[in-house]
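Side chains included, hydrogens not; waters and symmetry mates left out as well; all remaining heavy atoms used. None of the values given here were measured: they were computed from a predicted structure.
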Amino acid sequence: MLRIVLIGATGAVGRECLALLDAGAVPLAEVVPVASARSTGTDLAAELDLSLPLAPLTPLEEWDRTGADVALLCAGAEISRREGERLAAAGALVVDNSSAFRMRPDVPLVVPQVNPGALAERPGSGLVANPNCSTIQLVRALQPLHELAGLDDVVVATYQAASGGGLRGLAELGEASARLLSDAGAPAEPPGRFGQPLAFNLVPEIGLPDETGFAHEERKLAREPRKILGLPELRITATAVRVPVFHCHSEAVRIRVRRPVTAAQVEDALAATPGIRLYRRTDAVPYPMPRFAAARTEDRALVHVGRVRVEPDDPRSVWLWVVADNLWVGAASNAVEIVELAVKHGWLG
């Protein structure tokens, strides 16, 4: 039975982690929710209707860092860098949802459906990194094509929802949309969570750009799949766009594979992959859409793939449209599945 500490428990991802732990397969002795002092008094068990053994919410400044089997970090890179290694040194397996440790050679970057072997043994660092939300759904769609025909290069454009900006991002989009709907001539709100107003808008830059013009989110999408897939030479480039959608990230992906394929072969490979829902042109709903991919619990757990096309003049070029719930598939469920995988391998709990 595990004692799990969850840092960032009152945030969007932290709340989803609690719900998944409540319904999941992890043997729990106690879950200790930790958040900033301004969240003191929040009753998460009542708010989320939880039945798991949940301790009272503890302020980040006051909690005891010893005695945890697992620490789930969902509070951003700054807190992860401050707390992660201290928790690992105290004996906890640290599963970090931020970008703080993802590219460190001694830290596995894990998507359980893609590279479960990365957790065959407990990492010496005591740290496991949860990939970027857009990376997770991307590599889960890429892996079947890699097994089918090998990957040569990938070009991806993302359409990322406001929930990627947490509860503050969701509130900002909702409030600004309501204000503009009630008064179309209202002045634009000042830059907020997304750097630019998001309501009825597209923001084609997520994170700060570097000297080449690529933004932070785009750099993550270029680096992380190489590590997860074990393909350090994979050519991959991205354009990341924030869109006025509340939930689910979408991606238009162009993949060049090493051997010619047909659309039927690609569809069959995707359809045979656990955790992927394939949409064919002949289906009643012929492609996935973010509004519906988060509508039901069973849909939130899947990567939805449609619009499968092979270019007529180049049978090595494949297009996919990929949609997934960024709070579940892209964050909370991947983190909880990492813990479940560690338990399954027998070196945790």
Side-chain angles (χ1 to χ4, degrees), residues 1-24 26-102 104 107 122-130 133 163-172 193 327-328 331-340 342-343 348-349:
M1 304 289 280
L2 301 181
R3 184 173 186 262
I4 295 179
V5 170
L6 175 56
I7 300 178
T10 58
V13 174
R15 290 167 185 263
E16 299 291 1
C17 283
L18 286 171
L20 287 162
L21 287 169
D22 194 51
V26 177
L28 298 173
E30 184 181 41
V31 177
V32 181
V34 178
S36 64
R38 65 178 179 271
S39 298
T40 301
T42 302
D43 188 348
L44 289 167
E47 190 175 315
L48 301 176
D49 192 25
L50 303 174
S51 58
L52 52 75
L54 190 69
L57 185 71
T58 301
L60 183 61
E61 298 77 12
E62 300 176 12
W63 69 291
D64 181 359
R65 290 166 176 79
T66 62
D69 299 298
V70 176
L72 294 175
L73 273 56
C74 304
E78 181 180 350
I79 290 176
S80 293
R81 281 190 286 265
R82 190 179 79 202
E83 302 288 349
E85 291 184 282
R86 289 200 289 179
L87 284 160
L93 175 72
V94 177
V95 181
D96 179 44
N97 197 57
S98 80
S99 60
F101 307 112
R102 287 174 185 159
R104 265 182 44 174
V107 177
R122 185 180 181 119
S125 65
L127 302 165
V128 181
N130 217 28
C133 47
S163 53
L167 296 176
R168 177 184 161 197
L170 287 168
E172 187 175 303
R193 188 69 178 86
L327 295 182
W328 269 38
S333 68
N334 200 77
V336 172
E337 286 164 3
I338 287 171
V339 179
E340 293 174 353
V343 172
L348 182 64

Look up atom [atom1] in [X] and atom [atom2] in [Y], then write down how far apart they are to the nearest 0.5 Å.
{"X": "N130", "Y": "C17", "atom1": "CG", "atom2": "SG", "result": "8.0 Å"}
{"X": "L54", "Y": "L44", "atom1": "CG", "atom2": "CG", "result": "6.5 Å"}
{"X": "R86", "Y": "T66", "atom1": "CZ", "atom2": "OG1", "result": "12.0 Å"}
{"X": "L73", "Y": "N97", "atom1": "CG", "atom2": "CG", "result": "9.0 Å"}
{"X": "E47", "Y": "L57", "atom1": "CD", "atom2": "CG", "result": "10.5 Å"}

Which donor-acceptor pairs under 3.5 Å do the side chains of residues 33-40 make with protein atoms, sequence neighbours left out?
from: S39; atom 1: OG; to: T10; atom 2: OG1; distance (Å): 3.2
from: T40; atom 1: OG1; to: A37; atom 2: O; distance (Å): 2.7

For this session: Sort and list the pairs that fulfil salt bridge (charged side-chain N to carboxylate O under 4.0 Å, His left out) and have at least one residue in residues 2-13, not counting sequence neighbours.
Result: R3-E30
Using the test side chain to side chain donor-acceptor pair (under 3.5 Å), find all partners of [X] that sit at least two apart in sequence or belong to another chain.
{"X": "S333", "value": "none"}
{"X": "R82", "value": "none"}
{"X": "R104", "value": "E85, D106"}
{"X": "R193", "value": "none"}

Seminar exercise, completed: salt bridge (Lys or Arg N to Asp or Glu O under 4.0 Å) filter on E16, not counting sequence neighbours, yields R300
For this session: Please name all residues satisfying salt bridge (Lys or Arg N to Asp or Glu O under 4.0 Å) with R65, sequence neighbours left out, ordered by chain then number.
Result: E83
Problem set entry | L72: which of L21, I338, I7, V13 passes side chain to side chain contact (heavy atoms under 4.5 Å, CB included) | L21
Are [X] and [Y] packed together at the side-chain level, in the sense that at least one heavy-atom pair is separated by less than 4.5 angstrom?
{"X": "W63", "Y": "V32", "result": "no"}
{"X": "L2", "Y": "V339", "result": "yes"}
{"X": "V26", "Y": "V70", "result": "no"}

Problem set entry | Residue pairs passing the side-chain hydrogen bond (donor to acceptor under 3.5 Å, both in side chains) test where at least one lies in residues 48-62, sequence neighbours excluded | D22-S51
For [X] versus [Y], what's the shortest heavy-atom pair and its separation?
{"X": "L93", "Y": "A342", "answer": "CD2-CB, 4.2 Å"}
{"X": "G166", "Y": "A12", "answer": "CA-CB, 4.2 Å"}
{"X": "S163", "Y": "L327", "answer": "O-CD2, 3.8 Å"}

For this session: Begin from the C-alpha positions of V5 and L87 and carry the test side chain to side chain contact (heavy atoms under 4.5 Å, CB included) through to its verdict.
Result: CA-CA 10 Å; V5 170; L87 284 160; 5.6 Å; no
